[in-house]
K.L.:
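Submitted below is the structure of interest, expressed as structure tokens.
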Amino acid sequence: MEGECRAPQARSSGLPAGGGGGESPGVDGPLPGSSGSSALLQAEVLDLDEDEDDLEVFSKDASLMDMNSFSPVMPTSPLSMINQVKFEDEPDLKDLFITVDEPESHVTTIETFITYRIITKTSRGEFDSSEFEVRRRYQDFLWLKERLEEAHPTLIIPPLPEKFIVKGMVERFNDDFIETRRKALHKFLNRIADHPTLTFNEDFKVFLTAQAWELSSHKKQGPGLLSRMGQTVRAVALSMRGVKSRPEEFMEMNNFIEIFSQKINLIDKISQRICKEEREYFDEMKEYGPIHILWSASEEDLADTLKGVASCIDRCCKATEKRMSGLSEALLPVVHEYVLYSEMLMGVMKRRDQIQAELDSKVEALTSKKADTDLLTEEIGKLEDKVECANNALKADWERWKQNMQNDIKSAFTDMAEENIHSYEQCLATWESFLTSQTDLHLEEASEDKS
Amino acid sequence: MEQAVPDPERRLQPATLEPLGHPDAGLESAVGEEAEGARDEGPGDGTMMENNFWLKKIEISVSEAEKRTGRNAMNMQETYTAYLIETRSVEHIDGQSVLTDSLWRRYSEFELLRNYLLVYYPHIVVPPLPEKRAEFVWHKLSADNMDPDFVERRRIGLENFLLRVASHPILCRDKIFYLFLTQEGNWKETVNETGFQLKADSRLKALNATFRVKNPDKRFTELKHYSDELQSVISHLLRVRARVADRLYGVYKVHGNYGRVFSEWSAIEKEMGDGLQSAGHHMDVYASSIDDILEDEEHYADQLKEYLFYAEALRAVCRKHELMQYDLEMAAQDLASKKQQCEELATGTVRTFSLKGMTTKLFGQETPEQREARIKVLEEQINEGEQQLKSKNQEGREFVKNAWADIERFKEQKNHDLKEALISYAVMQISMCKKGIQVWTNAKECFSKM
């Protein structure tokens, strides 16, 4: 990725200069994979790129027969839901409630895919009813996102979860992947609902309310695929031009986006790595406690102490397990969403640049008098309006997005810290009570000896 | 707990057991040298030191370790570590300690001392040495014997060994041990002059041999099982502990990466910047805290390791009993068969097969004179055999009594030490949890201020 140096602050990571970079020639050394990965830790986190960048295609052959056992759970942490409500620009109360649940697999002759149930509750007048229930598949979400992007090219559209599976998750496709995706889709729709502009988008309404056949026919009304492709090619050329004439504030914005994107990606990798390490730690810990029980079987005087230690270790093990699941719920989805957001932001910048570039090219044409000046002037007028709208929309949305980001990141990390504190507190209590019991015993024995 | 140490093997002749000579054979010169020091007493018993003197007046420490180069037996350059042993005598009156002896020893000399003790005190559970090579390593520690952390832990282990020997009621009075602490040059030669090496070799062979004992003391059989179990369970525990340590190291260290990234990120943030930056600092603190935590745990592991090696010593004592018992049973068997032969010769009946009987059948009866002669020889042998059996029995009983006394002492020591070690482990865990709570509380505060 990048080869930048660390910020010039004294950061001591406490790693030994030349020690043990993966060497373990001892008789009972750690497992082969582990010493290599621990050695990696001493290098930049960026090295993680190598094994985690490859994507694998979503396999549609996976049998998902037991999907119906999923039960609807509260998809997002209460804290973030509150945050979403807080940043409503209007003082009105939230009037659109959406849940995504009940993933179900569907098998046809051509393919197997998953649909999600979407329940919408609303008090808005423009909706025909106050409650809707529909089923949508990932493709439909993708369609919605593209429509929103077209309609509002410089608004920050919430990101969708990835289309493809990240390498390494294939084994857990049936459980964790579906659940993670479901949660992300839930978040996606709610973010749109909370957005002051997007919430009133017509396609959004159709998405939430239309029956399957209605949606299909509605979809066909949009611009065709080919025209969209054509736009892309032209768009690239334009955006490159637009970069040069970018106003100062958008330069700053772009700079922020670039660095933010780097950092959030790193944080995503670090967080996932921590989860992995915690898992491996947990797996080893599971074996640790029982050995003490085994030992206690051949001891007399020591048996109680050994059993006590074993029970403490087991309880700490459970606390670790709890912490792990807490982290993967509180931290990982949030960080990952912002990774996707950062990609989205880059797209937004491009589109803004494109719009700007359109104007610039017409202005240039005017100055070089290449075509009909009256027509051009008219076009330029329209484009100037367009640019101004786009810029303003982006600016406003940018502030809103930054505020949201700050809150989301803050609460995600605060939650993580809280999980860790709680976990340590539990372990502390366990060991302290063990220690007390040992010293009490000791005092008992001492007084017995005296009597 | 003073005991006069009998020398159980002193008068035994049979080759199946190691013939131990008098422990102070060959030490006369050393004894003579030290006579003026007025430290050795006991009538004519040059091996024993005044026990009280040791326990109350001497402090032993292995205070330094130094890398040295020298030439080995094959005249090749080698690097080794030498350890400084300092002995201090504590003045009765004011408790001040005065340095009385200081010398340098290397690991191989410690080994020599221990091997000597094993040979001459087979009924004692001899304290073990720290490991020769680093085992049960996890990735941070290298298995290199020159690694400073390893050397440091070994220094502590060697000091522990000397303290254990010095506080053992019997071993502390050994002359060779005393000389180990006080006589730098020539000590090796002195040890070798005891001739213990020959006995060491045959002892090793005997310990490894397989044989069946008909009537072992049940307590020793049980003890042998226990020592096997102890050894197996402690190795297992140490192995898993090393793996757990490795994993925990990974968890902590990855958090250090947060520190760096937060810091870089804070550069582009206005309101969040400070919070990110300071949270990042706490992540660094967290990541580096694991080093001390695991170093402390290493000391705990060393305490367990000592008892892992003690199990070996325990087993050696059990084997020694088995050897003696086996020898006793063989001698009794031999005696019984000789008696029977004698009886048969006397009465003229042949119930047992004997070569003589065979040849008699083939070549004709022997003359009465011949028979008389044979009976006489047998009777002498039987007499001798009975004497030997009696002394073997007595020695066996003495051994069992003395060994069991030391085993009881050892058991108490083991229970006390291991309990303390386990409790210290709990204390370590508590400290680790407290540190964790503090760091994450600080971090949480930083996050909440973002």
Side-chain angles (χ1 to χ4, degrees), chain A residues 6-7 9 11-16 19-20 22-30 34-35 37-38 41 45 256 259-260 263 266-267 270 273-274 277-278 280-281 284-285 287-288 291 294-295 298 301-302 305-306 309 312 406 410 413-414 417-418 420-421 424-425 427-428 431-432 434-435 438, chain B residues 134-143 226 229-230 233 236-237 239-244 246-251 253-261 263-265 267-268 271-272 279 284 287-288 291 415 418-419 422-423 425-427 429-430 433-434 436-437 440-441 443-444 447-448 450:
Chain A
R6 287 156 57 130
Q9 284 104 357
R11 313 213 77 98
S12 64
S13 58
L15 299 172
E23 303 299 307
S24 56
V27 174
D28 297 290
S34 63
S35 48
S37 63
S38 301
L41 297 172
V45 168
F256 182 97
I259 297 180
F260 175 80
K263 301 314 160 195
L266 284 174
I267 289 180
I270 295 168
R273 182 55 172 272
I274 288 177
E277 296 285 336
E278 291 263 18
E280 288 175 343
Y281 169 65
E284 297 293 353
M285 275 280 269
E287 221 188 298
Y288 194 33
I291 299 176
L294 189 67
W295 186 357
S298 47
D301 285 357
L302 285 176
T305 312
L306 284 168
V309 170
C312 287
Q406 217 162 299
K410 171 174 157 175
F413 279 107
T414 310
E418 186 58 52
N420 283 313
I421 293 170
Y424 277 118
E425 279 175 346
C427 293
L428 180 67
W431 286 107
E432 276 184 335
F434 165 76
L435 199 65
Q438 290 300 304
Chain B
E135 285 186 35
F136 305 108
V137 287
W138 58 281
H139 100 280
K140 191 198 166 195
L141 295 178
S142 66
Y226 171 75
E229 277 168 20
L230 188 69
V233 87
H236 191 194
L237 201 151
R239 242 177 293 132
V240 176
R241 189 212 72 87
R243 290 207 298 260
V244 170
D246 195 30
R247 292 284 154 231
L248 193 62
Y249 183 80
V251 170
K253 286 299 179 190
V254 185
H255 281 84
N257 290 305
Y258 273 144
R260 179 177 60 89
V261 179
S263 163
E264 289 164 0
W265 183 1
I268 54 170
E271 296 111 28
M272 270 210 322
D284 281 344
S288 61
D291 296 314
N415 286 336
L418 286 176
K419 191 161 190 172
L422 289 165
I423 288 175
Y425 184 71
V427 170
Q429 297 306 302
I430 287 171
C433 290
K434 284 188 176 159
I437 290 171
W440 284 106
T441 307
K444 182 179 165 187
F447 289 135
S448 61
M450 291 197 318

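The chains referred to below are lettered A, B, ... by the order of the sequence lines, with proteins before strands, and numbering in each begins at 1.
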K.L.:
Look up atom CE in M450(B) and atom CD in Q406(A), then write down how far apart they are to the nearest 0.5 Å.
P.N.:
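Rounded to the nearest 0.5 Å, the CE-CD separation comes to 7.5 Å.
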
K.L.:
Heavy-atom pairs under 4.5 Å with chain B: which of L294(A), I259(A), N420(A), I267(A) has the most?
P.N.:
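It is N420(A).
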
K.L.:
Nearest heavy-atom pair of R273(A) and V254(B): which atoms, and what distance?
P.N.:
CG-CG1, 3.8 Å

K.L.:
If you measure from CG on L418(B) to CH2 on W295(A), what distance do you get to the nearest 0.5 Å?
P.N.:
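With rounding to 0.5 Å, CG (L418(B)) is 4.5 Å from CH2 (W295(A)).
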
K.L.:
Below 4.5 Å, heavy-atom pairs only: which of Q429(B), E229(B), E271(B) has the largest tally toward chain A?
P.N.:
Q429(B)

K.L.:
Quick check: does any side chain N or O of K410(A) sit under 3.5 Å from a backbone N or O of S448(B), one acting as donor and the other as acceptor?
P.N.:
yes

K.L.:
Is it the backbone or the side chain of C427(A) that comes under 4.5 Å from a heavy atom of chain B, or both, or neither?
P.N.:
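The answer is both parts of C427(A).
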
K.L.:
What part of L428(A) is in contact with chain B, defined as an atom under 4.5 angstrom from a non-hydrogen atom: side chain, backbone, both or neither?
P.N.:
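Contact with chain B involves both backbone and side-chain atoms of L428(A).
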
K.L.:
Search all heavy atoms of F447(B) against all heavy atoms of A417(A) and return the closest pair with its distance.
P.N.:
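That closest heavy-atom pairing would be CD1-CB, 4.2 Å.
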
K.L.:
Identify the two heavy atoms, one from N415(B) and one from D301(A), that lie closest to each other, and give their separation to 0.1 Å.
P.N.:
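Minimum heavy-atom contact is ND2-OD2, 3.0 Å.
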
K.L.:
Say you draw a straight line from CD of Q438(A) to NZ of K419(B); how long is it, rounded to the nearest 0.5 Å?
P.N.:
5.5 Å

K.L.:
Minimum heavy-atom separation for E284(A) and V240(B), please, with both atom names.
P.N.:
O-CG1, 3.9 Å

K.L.:
E432(A) and I430(B): which non-hydrogen atoms are nearest, and at how many Å?
P.N.:
CG-CD1, 3.6 Å

K.L.:
Any idea which heavy atoms bring Y288(A) and L237(B) closest together, and the distance?
P.N.:
CE1-CD2, 4.0 Å

K.L.:
Just how far is it from atom CD of E418(A) to atom OG1 of T441(B), taken to the nearest 0.5 Å?
P.N.:
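So the gap between those two atoms works out to 8.5 Å.
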
K.L.:
OG1/T305(A) to CD1/I423(B) distance, rounded to the nearest 0.5 angstrom?
P.N.:
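T305(A) atom OG1 to I423(B) atom CD1 measures 6.0 Å (nearest 0.5 Å).
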
K.L.:
Stepwise, does the side-chain contact (heavy atoms from CB on, under 4.5 Å) test hold for E287(A) with H236(B)?
P.N.:
CA-CA 10 Å; E287(A) 221 188 298; H236(B) 191 194; 3.4 Å; yes

K.L.:
To the nearest 0.5 angstrom, please state how far the CD1 atom of I270(A) sits from the OH atom of Y258(B).
P.N.:
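Separation between the atoms: 6.5 Å.
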
